[in-house]
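Report on one structure; see the data block that follows.
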Amino acid sequence: MGDKFQLIHDVSPGTTGWTVKVVVAEKFSPKVAQRSPTKYQNLTLMDSEGSTVQATLYGQNITAFQDELLLGKTYLISNALVKETNAEYKAKSGEIQWTISGRTRIRRVEENNSNLLISTYSFTDFEDLPKYMDSNLDISVIGMIIDIKPRRIIQTRFGKECQVQDLVLVNKRKKLILIGKHLKVTSFNGLSISTKADSSFFIDGEFELVEEFKSWGHTNSEIIDNMISEKHYLTSTPSKLSSKLSVPTAEKDFTEIKNIQGLKTAKQFFWIKGKASVKVLNQTYWYMSCNNCNKISSENYGDIYPCVFCKCTDAKAIPRAKVYMQLTDPTGYINATAIGNPAEYFLQSNAEILMNQTLIPTAASMRLSMDEDEIFYVKAITQELSTDCKFEILFIVNPSQIAGDKNTGKAPVEHIGEPIKFLEPTTKRSLFHSDTDDAQSSKKKT
DNA sequence: CCCCCCCC
């Protein structure tokens with residue numbers, strides 16, 4: 001690994017303009033937070049000196065980056081959100097954590113740093129594993145996986161559901177162990193196993209097979225040979241254990257087709273008549289976005305890039321307006337966000353101007369409050385385990401525009417709102433995309 | 001749709 005980049009220790013909260021070259025040393029399974037519905041995924045990143053930092057992905061970023069940050073691969077990373085871990089969670093405060101999101105720039109580097117990774121592990125013999133049962137210690141083993149069972153749900157002692165997936169491993173001396181895949185630890189090229197109170201071994205995360213183990217997969221040991229020859233592995237996403245599965249060979253392994261439960265949506269929509277105003281002047285009124293899916297981008301304005309979110313190969317980075325404001329009517333107020341067109345309409349500005357604006361805005365540079373009532377179409381998202389909703393303004397209608405409009409039931413907001421369902425697709429599309437529809441759809445196919 | 005944050 002080169003040395004023209006910063007090291008993990010060089011990056012603190014507030015450090016700007018840094019780039020660190022790292023290897024993805026561990027990749028844990030995505031999990032659901034205990035006290036909120038948030039999904040998160042932890043990674044361990046290692047620099048050239050073997051220092052590590054915990055990196056975390058949240059929500060939709062988990063799937064967006066699943067093929068972007070591969071176990072054992074090397075990357076240049078910049079512009080991650082760097083902060084100290086919450087003292088509430090960590091005994092020792094001051095530990096650094098990176099949050100990886102859409103604005104984090106990640107560049108793959110074609111370097112093989114697996115020796116660096118392997119040098120940081122010591123492997124435990126299968127024979128010694130019983131010693132570690134119930135110890136809650138993390139240890140590493142090295143072996144070959146010869147069977148992967150379907151995932152199943154178990155209840156933990158604390159009443160929480162978690163997924164378990166059993167694996168059968170064999171070591172060089174053909175000794176077999178059964179391992180449940182569980183919420184715990186992973187390592188590179190070996191499997192890091194944690195022993196839990198119910199006396200099974202658990203692993204977590206992703207791993208790779210070491211070449212030398214692949215080569216002794218076909219041995220003359222009867223039972224192992226049998227298992228290997230009978231099993232077919234689905235390996236559509238080789239780096240991801242959960243996508244690998246042994247195809248069952250016995251009738252009892254097949255399940256009858258049953259319930260698919262729909263997820264209840266918490267979204268609610270409202271019409272509100274009132275006034276909007278910016279209360280927090282010092283905010284960012286734009287973000288760099290993908291012109292295809294509107295999601296955040298780490299690229300520079302105008303650059304063509306492959307979008308990790310929509311997978312569009314020739315996405316263009318363009319600014320998109322956003323504003324956090326307060327919505328009031330005679331009965332009260334809510335805070336709400338507007339993005340894209342409603343933000344531009346409210347601010348009486350556009351994304352490019354907002355992007356180039358360096359000073360905190362004044363009423364001269366943009367509209368910060370409304371003189372007259374306007375009509376807002378607001379989406380509320382109820383937050384589980386939280387009393388407050390988040391609100392978003394989907395579009396804004398000036399009452400003068402609908403005065404005398406006989407076409408009731410349709411919002412005459414063509415140049416104000418974002419495209420919404422009850423506008424004709426042909427009319428709304430042309431308003432917000434400079435490209436033709438054909439260009440849009442051909443991009444999505446790639 | 002999109003932003004922010006977000007966990008042990």
Side-chain angles (χ1 to χ4, degrees), chain A residues 26 28-44 54-62 64 80-81 83-93 95 97-104 136 138 156 158 160 162 183-185 194 204 265 267 269 280 282-298 307-310 312 315 317-325 335-344 346-347 351 354-355 377 379 381 383-386 388-395 417-421 423 425 428-429 432-433 440 444:
Chain A
E26 294 180 309
F28 299 84
S29 303
K31 298 177 182 62
V32 178
Q34 297 273 344
R35 294 193 290 270
S36 79
T38 309
K39 266 197 195 165
Y40 68 97
Q41 180 176 31
N42 285 332
L43 312 180
T44 304
Q54 180 192 287
T56 309
L57 295 144
Y58 293 99
Q60 62 204 350
N61 294 325
I62 294 170
L81 173 67
K83 60 181 183 184
E84 292 185 5
T85 48
N86 193 332
E88 183 190 328
Y89 301 128
K90 267 282 194 276
K92 45 182 186 233
S93 61
E95 208 161 296
Q97 171 189 10
W98 295 3
T99 301
I100 293 181
S101 69
R103 66 181 49 193
T104 307
N136 213 23
D138 292 334
T156 68
F158 310 106
K160 205 181 172 227
C162 75
L183 316 154
K184 197 60 184 143
V185 168
S194 68
D204 175 36
T265 176
K267 285 181 192 170
F269 297 86
V280 182
N282 191 10
Q283 58 175 293
T284 313
Y285 293 87
W286 67 283
Y287 68 97
M288 197 64 81
S289 71
C290 166
N291 70 326
N292 191 48
C293 69
N294 294 336
K295 289 195 68 71
I296 193 164
S297 168
S298 63
C307 176
V308 291
F309 295 103
C310 65
C312 175
I318 56 168
R320 188 161 168 77
K322 85 171 168 172
V323 58
Y324 184 65
M325 57 180 143
N335 292 316
T337 307
I339 298 173
N341 260 61
E344 292 191 348
F346 167 63
L347 297 170
L354 295 166
M355 175 178 67
Y377 190 59
K379 179 179 77 176
I381 303 167
Q383 314 267 60
E384 267 178 68
L385 306 174
S386 169
D388 44 349
C389 294
K390 288 203 299 193
F391 296 97
E392 186 171 326
I393 293 165
L394 296 186
F395 64 97
E418 286 292 351
I420 54 164
K421 291 182 190 74
L423 287 175
K428 65 182 180 185
R429 247 237 193 265
F432 306 107
H433 298 278
Q440 293 291 320
K444 279 173 184 164

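Residue numbers begin at 1 in each chain, while the letters A, B, ... track the order of the sequences.
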Rounded to the nearest Å, what distance is computed from the CD1 atom of residue A:I296 to the P atom of nucleotide B:dC1? 18 Å

Could you tell me whether the side-chain ring of A:Y287 sits stacked on the base of B:dC3, using a centroid cut-off under 5.5 Å and a plane angle under 30°? no

If I take atom CG in residue A:L81 and atom C1' in nucleotide B:dC3, what distance separates them, rounded to the nearest angstrom? 14 Å

What's the CG-P distance between A:N294 and B:dC1, to the nearest Å? 11 Å

Any A:K83 side-chain N or O less than 4.0 Å from OP1/OP2 of B:dC6: yes

Indicate, with a heavy-atom threshold strictly under 4.0 Å, whether A:S289 touches base, sugar-phosphate, or nothing. nothing

From CA spacing to verdict: side chain to side chain donor-acceptor pair (under 3.5 Å), A:K322, A:Q283: CA-CA 10 Å; A:K322 85 171 168 172; A:Q283 58 175 293; over 6 Å; no

Residue set satisfying side-chain contact (heavy atoms from CB on, under 4.5 Å) with A:I296, at least two apart, ordered chain then number -> A:R103, A:Y287, A:F309

Checking B:dC8, B:dC3, B:dC1 against the side chain of A:T85 (C-beta onward), the nearest is B:dC8

With a 4.0 Å cutoff (strictly under), does any side-chain N or O of A:Q60 reach OP1 or OP2 of B:dC3? yes

Between A:K39 and A:C293, who's closer to the 5' end of DNA chain B by nearest nucleotide? A:C293

In whole angstrom, what separates A:L43's CG from B:dC6's C1'? 15 Å

Separation of B:dC1 atom C1' from A:N291 atom CG, nearest Å, is 14 Å

In chain order, what residues pass the side-chain hydrogen bond (donor to acceptor under 3.5 Å, both in side chains) check against A:T284, with sequence neighbours excluded? none

To the nearest Å, give me how far apart CD1 (A:I339) and P (B:dC1) are. 10 Å

Check every atom of B:dC6, B:dC8, B:dC3 against the side chain of A:Y40 and return the nucleotide holding the closest atom. B:dC8

Does a side-chain N or O from A:K390 land closer than 4.0 Å to OP1 or OP2 of B:dC3, or not? no

Does B:dC3 have OP1 or OP2 under 4.0 Å away from a side-chain N or O of A:K295? yes

Does B:dC4 have OP1 or OP2 sitting under 4.0 Å from an N or O in the side chain of A:R103? yes

Figure out the CE/P separation between A:M355 and B:dC3, and round it to whole Å. 18 Å

Find the distance A:Y58:OH to B:dC5:C1' and express it as a whole number of Å. 9 Å

For A:Y324, is there any backbone N or O sitting under 3.5 Å from a side-chain donor or acceptor partner on A:T337? no

Calculate, to the nearest 0.5 Å, the distance between atoms NZ and OG1 belonging to A:K83 and A:T99 respectively. 4.5 Å

